[in-house]
Amino acid sequence: DSLLAAYDARFGADLAKGYGSYCVLWPCRLYPLSEGPAQARFRKTGAQKPGGWRYFPLARAHQGLLAGSRDAAAGTIVSHLEHEQMRGWYALDEGGKSGPGGWGRARTAWNPDVAMPHGWAGAEFWLLVRDSLLFEDGDRLVLLAGAPAEWFTHPQGMSVKGMPTHFGPCSLEWTRVEEGAVLTLSGAAAPAEGFILRLPAALGATVKADGKPAARMAGGDVLLAPGTKRAEIAFAATR
């Protein structure tokens with residue numbers, strides 16, 4: 001509590017200032033994700049393009065994802081996958097002239113000024129992908145917060161298999177049906193306060209969980225009670 005109070009006193013006027021865009025919510029979780037000054041500051045973060053230092057745009061996008069911005073994750077992941085280094089390699093360099101130390105053994109003939117592959121940049125990318133599918137918020141598991149909006153209506157649906165979480169492995173299936181979609185949850189994950197299903201607002205969706213109407217939270221998120229195994233999602237256009 002004293003650390004947060006001291007941090008807020010010094011940086012609270014602009015939580016994104018300096019290195020704030022790379023640490024406040026991700027990875028430090030200094031403030032609540034769903035309300036308060038950090039959520040208000042970062043929720044409008046949009047898609048980020050690869051920059052001079054690869055890990056910084058990815059970390060900035062992660063702040064936005066945790067604060068509720070779907071495009072911060074989805075758009076950033078797309079822009080990085082389109083980068084020439086990621087086409088087939090799935091590896092990023094450090095983005096600028098690499099520092100001294102052991103990088104000499106990691107440099108390539110492609111560009112002797114940069115270290116590749118770069119562990120920090122790669123980790124930032126894959127952790128952003130992971131949290132786009134699911135991430136922990138206290139005793140809840142937030143689902144599909146960074147999945148592209150068009151995936152929710154795609155005929156092939158979505159699938160996550162055995163993803164490790166703080167609550168145990170989680171699997172989910174998003175299956176398209178005529179009136180909308182069906183979400184099936186399985187695995188050992190058992191968050192004490194249930195799941196949060198974060199849907200694109202444009203769907204205008206209503207949700208039933210295990211046959212009962214699911215509760216709506218502030219901001220439009222859907223709360224699925226602990227132990228939920230199946231949710232039926234009806235899209236506005238099909239009702």
Side-chain angles (χ1 to χ4, degrees), residues 1-80 83 92-103 114-115 118-146 164-167 191-193 196 198 201 217-221 223:
D1 291 341
S2 61
L3 171 62
L4 178 57
Y7 188 93
D8 193 63
R10 182 172 180 180
F11 302 107
D14 185 358
L15 292 174
K17 186 177 181 180
Y19 283 89
S21 288
Y22 318 125
C23 71
V24 171
L25 294 181
W26 170 259
C28 294
R29 303 288 182 99
L30 293 175
Y31 296 81
L33 305 185
S34 58
E35 61 182 2
Q39 195 263 353
R41 181 63 179 86
F42 296 114
R43 67 184 175 186
K44 295 183 180 180
T45 302
Q48 308 292 309
K49 295 182 178 180
W53 302 102
R54 307 294 187 210
Y55 30 81
F56 286 144
L58 292 160
R60 185 184 298 113
H62 220 137
Q63 313 300 320
L65 168 66
L66 297 185
S69 172
R70 185 176 306 277
D71 191 49
T76 299
I77 291 169
V78 168
S79 71
H80 281 70
H83 192 279
L92 291 165
D93 65 16
E94 191 180 20
K97 289 188 174 181
S98 296
W103 287 122
V114 298
H118 193 257
W120 180 1
E124 289 282 1
F125 177 82
W126 290 112
L127 290 168
L128 181 62
V129 170
R130 185 268 187 184
D131 282 7
S132 295
L133 300 173
L134 51 80
F135 66 84
E136 299 83 359
D137 185 2
D139 288 327
R140 292 172 175 163
L141 198 57
V142 183
L143 307 176
L144 303 176
T165 78
H166 293 178
F167 314 108
E193 295 185 10
I196 295 174
R198 187 158 292 167
M217 304 176 65
D221 288 344
L223 178 60

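In this chain, residues are counted from 1 in sequence order.
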Quiz item: What pairs with R60 under salt bridge (charged side-chain N to carboxylate O under 4.0 Å, His left out), at least two apart in sequence or on another chain?
Solution: none
Quiz prompt | Which residues share a side-chain hydrogen bond (donor to acceptor under 3.5 Å, both in side chains) with D139, sequence neighbours left out | solution = none
Quiz item: A72: what forms a side-chain contact (heavy atoms from CB on, under 4.5 Å) with it, not counting sequence neighbours?
Solution: T45, S69
Quiz item: Listed by chain and number, what are the side-chain contact (heavy atoms from CB on, under 4.5 Å) partners of Y19, not counting sequence neighbours?
Solution: Y22, F56
Quiz item: Do T76 and P57 have side chains that get closer than 4.5 Å, going by heavy atoms?
Solution: no
Exercise. Give the minimum heavy-atom separation between L58 and A121, together with the two atoms involved.
Key: CD1-O, 3.7 Å
Exercise. Using atom types as modelled and distance alone, determine if a side-chain donor or acceptor of R70 lies under 3.5 Å from a backbone N or O of R198.
Key: yes
Quiz item: Between the side chain of Q39 and the main-chain N/O of A67, is any donor-acceptor distance below 3.5 Å?
Solution: yes
Quiz prompt | Intermediate values then yes/no, side chain to side chain contact (heavy atoms under 4.5 Å, CB included), W26 and L127 | solution = CA-CA 10 Å; W26 170 259; L127 290 168; 3.7 Å; yes
Quiz item: Mind checking whether P50 and S79 have side chains closer than 4.5 Å, heavy atoms only?
Solution: yes
Exercise. Check for a donor-acceptor pair, side chain of E35 on one end and backbone N or O of L33 on the other, with a separation under 3.5 Å.
Key: no
Quiz prompt | Residues that D14 engages under side-chain hydrogen bond (donor to acceptor under 3.5 Å, both in side chains), provided they are two or more places apart | solution = R41
Self-check item: Partner set under salt bridge (charged side-chain N to carboxylate O under 4.0 Å, His left out) for E193, not counting sequence neighbours
Solution: R140
Practice problem: Could you tell me which non-hydrogen atom of Q63 sits nearest to which non-hydrogen atom of C23, and how far apart they are? | Solution: NE2-N, 3.3 Å
Self-check item: side-chain hydrogen bond (donor to acceptor under 3.5 Å, both in side chains) partners for E136, two or more places apart
Solution: R130
Quiz item: How many angstroms lie between CG in L25 and CG in L65, if you round to the nearest 0.5 Å?
Solution: 10.0 Å
Self-check item: Qualifying residues under side-chain contact (heavy atoms from CB on, under 4.5 Å), relative to V129, sequence neighbours excluded
Solution: I77, F125, W126
Self-check item: Atom pair OH/SG of Y7 and C28 - distance to nearest 0.5 Å
Solution: 7.5 Å
Exercise. Name all pairs fulfilling the salt bridge (Lys or Arg N to Asp or Glu O under 4.0 Å) condition that reach into residues 44-54, sequence neighbours left out, sorted by first residue then second.
Key: R54-D93
Quiz prompt | side-chain hydrogen bond (donor to acceptor under 3.5 Å, both in side chains) involving D71 - partner list, sequence neighbours excluded | solution = none
Quiz item: Out of curiosity, L134 CG to I196 CD1, how far, rounded to the nearest 0.5 Å?
Solution: 12.5 Å
Self-check item: side-chain contact (heavy atoms from CB on, under 4.5 Å) involving P37 - partner list, sequence neighbours excluded
Solution: L15, Y31
Self-check item: Non-neighbouring partners of F135 that pass ring-ring contact (aromatic ring centres under 6.0 Å, His included), sequence neighbours left out
Solution: none
Quiz prompt | Derivation of the side chain to side chain contact (heavy atoms under 4.5 Å, CB included) call for L92 and H118 | solution = CA-CA 6 Å; L92 291 165; H118 193 257; 5.6 Å; no
